[in-house]
Amino acid sequence: MDQTRENPWAKCALPPVEEREAKPRARGLTMVIDKGLGLYETRDLLGVCAPYIDFVKLAFGSSVLYGTHLLNAKLQEIRNHGVDVYPGGTLLELAGVQGRAEAFFERACELGFTGIEVSEGTVELSRFRRRRLIETARSIGLRVVSEVGKKDRNAQMDTTNVVRQVEEDLEWGAECVIIEGRDSGRGVGVYNDDGSPREALVDGILAGVSDPARLMWEAPITSQQQYWLRRVGINANLGNVQTNDVLTLESTRMGLRGDTLRDYVRRYVETM
């Protein structure tokens, strides 16, 4: 599918942010969390938003519940729109506990997934096992993202451990590393109970990681997305974006929403 689109307002209103990267891109990735869209809802979402979505994640272990025929059709629809798709990391964690991780990778390919998430949200992996999962998935042609952090609200992130894990995952072949925020964005990972970022933790991660551009921040709440765009830049990688927030996020990235348009107007006036 052609990801370029003619601006219907091109003769009178151009997006003010010119540094927004287009697909295929390595920065400014948007990962959408799909909690159970039907086939027609998926088609409608992608018909409007495919140029602005890089990954769709079928949340949690939810892809078990679709049935094979519907899942195949849904994955085909996503791929036809030039978007990568992977099952939630929770499902791989389950397969690993049951001793079937390698079979899981093969089945993911057969079903039509194009990527995989390696995480430890509810399990513990040895360094050897985590590396093996990343390298095995890559060897059979799956795109690999990894995730750092626990889904337990009582498990606090430690900056040193986060930085070490990020560096190792990237060395082992992960394309980017997701920083935990869950689908709620509250009281877990890099977020306080009210959804605000834990600034000291964020400072430490950004200062410690050698290539912060390869981090993806789970940000299911609009205010969190705005925070990361201001803090990291409009090409920040953002994950767990809700399906009905994709255009809102892309509008903010491109200066088409008040939050970022305000900065553009201020700069524009200053140059006049």
Side-chain angles (χ1 to χ4, degrees), residues 29 31-36 55-68 70-72 74-75 78-79 84-158 160-184 188-190 214-218 220 237 239-240:
L29 302 173
M31 178 265 279
V32 169
I33 183 170
D34 179 343
K35 298 180 182 179
F55 292 99
V56 170
K57 174 175 68 177
L58 302 193
F60 332 120
S62 62
S63 57
V64 167
L65 307 178
Y66 280 87
T68 303
L70 177 57
L71 182 59
N72 285 153
K74 178 164 178 159
L75 298 182
I78 295 171
R79 295 197 312 274
D84 282 288
V85 57
Y86 63 89
T90 300
L91 197 57
L92 174 57
E93 292 180 27
L94 172 62
V97 169
Q98 296 176 345
R100 300 169 180 170
E102 282 71 19
F104 178 88
F105 293 150
E106 297 290 347
R107 185 57 176 159
C109 292
E110 292 171 357
L111 289 169
F113 287 101
T114 61
I116 217 74
E117 178 187 296
V118 175
S119 64
E120 298 179 55
T122 52
V123 302
E124 299 290 340
L125 295 175
S126 67
R127 292 179 68 248
F128 171 81
R129 187 59 178 160
R130 188 175 178 105
R131 178 174 185 170
R132 177 69 181 273
L133 291 174
I134 293 172
E135 292 179 341
T136 301
R138 285 202 62 187
S139 71
I140 60 174
L142 290 165
R143 298 187 68 178
V144 179
V145 298
S146 66
E147 184 177 69
V148 175
K150 296 293 184 183
K151 301 188 183 303
D152 183 353
R153 296 171 65 91
N154 296 317
Q156 296 295 312
M157 277 187 164
D158 174 77
T160 301
N161 290 333
V162 170
V163 171
R164 176 192 57 78
Q165 191 65 75
V166 168
E167 296 294 339
E168 288 183 344
D169 287 359
L170 294 176
E171 179 185 347
W172 297 336
E175 293 187 27
C176 66
V177 181
I178 300 167
I179 305 299
E180 179 69 70
R182 296 209 71 176
D183 61 307
S184 66
V188 68
V190 291
R214 295 178 69 184
L215 297 173
M216 176 179 284
W217 308 91
E218 289 190 333
N237 303 317
N240 280 5

Going by the salt bridge (charged side-chain N to carboxylate O under 4.0 Å, His left out) test, which pairs reach into residues 160-171, not counting sequence neighbours? Arg127-Glu168, Arg130-Asp169, Arg164-Glu168
Using side-chain heavy atoms (C-beta onward) and a distance below 4.5 Å, is [X] in contact with [Y]?
X: Val148; Y: Asn161; result: no
X: Lys74; Y: Asp34; result: yes
X: Leu91; Y: Ser63; result: yes
X: Val145; Y: Met216; result: no
X: Ser119; Y: Leu92; result: no

Under the rule for salt bridge (charged side-chain N to carboxylate O under 4.0 Å, His left out), what residues qualify as partners of Lys150, not counting sequence neighbours?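 Salt bridge (charged side-chain N to carboxylate O under 4.0 Å, His left out) check on Lys150 returns Glu124.
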Applying salt bridge (charged side-chain N to carboxylate O under 4.0 Å, His left out), can you list everything that pairs with Arg107, at least two apart in sequence or on another chain?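 Glu110.
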Can you run down the ring-ring contact (aromatic ring centres under 6.0 Å, His included) pairs that involve residues 103-135, sequence neighbours left out, and say none if there aren't any?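 For residues 103-135, and leaving out neighbouring residues, there are no ring-ring contact (aromatic ring centres under 6.0 Å, His included) pairs at all.
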Can you tell me how far the [atom1] atom of [X] sits from the [atom2] atom of [Y], to the nearest 0.5 Å?
X: Leu170; Y: Gln165; atom1: CG; atom2: CD; value: 10.0 Å
X: Ile134; Y: Ile116; atom1: CD1; atom2: CD1; value: 12.0 Å
X: Leu133; Y: Ser146; atom1: CG; atom2: OG; value: 11.0 Å
X: Leu58; Y: Ile78; atom1: CG; atom2: CD1; value: 5.5 Å

Looking at Lys57 and Glu218, does any basic side-chain N land under 4.0 Å from a carboxylate oxygen?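 Between Glu218 and Lys57 there is a salt bridge, with a charged N closer than 4.0 Å to a carboxylate O.
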For Arg143, all residues meeting side-chain hydrogen bond (donor to acceptor under 3.5 Å, both in side chains), sequence neighbours excluded: Asp84, Glu175
Using side-chain hydrogen bond (donor to acceptor under 3.5 Å, both in side chains) as the criterion, list what pairs up with Arg129, not counting sequence neighbours.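 In terms of side-chain hydrogen bond (donor to acceptor under 3.5 Å, both in side chains), with neighbours along the sequence ignored, Arg129 is linked to Glu102.
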Look at atom CZ of Arg138 and say whether more than 12 heavy atoms of other residues, nucleotides or ligands are closer to it than 6.0 Å.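 Result for CZ/Arg138: open.
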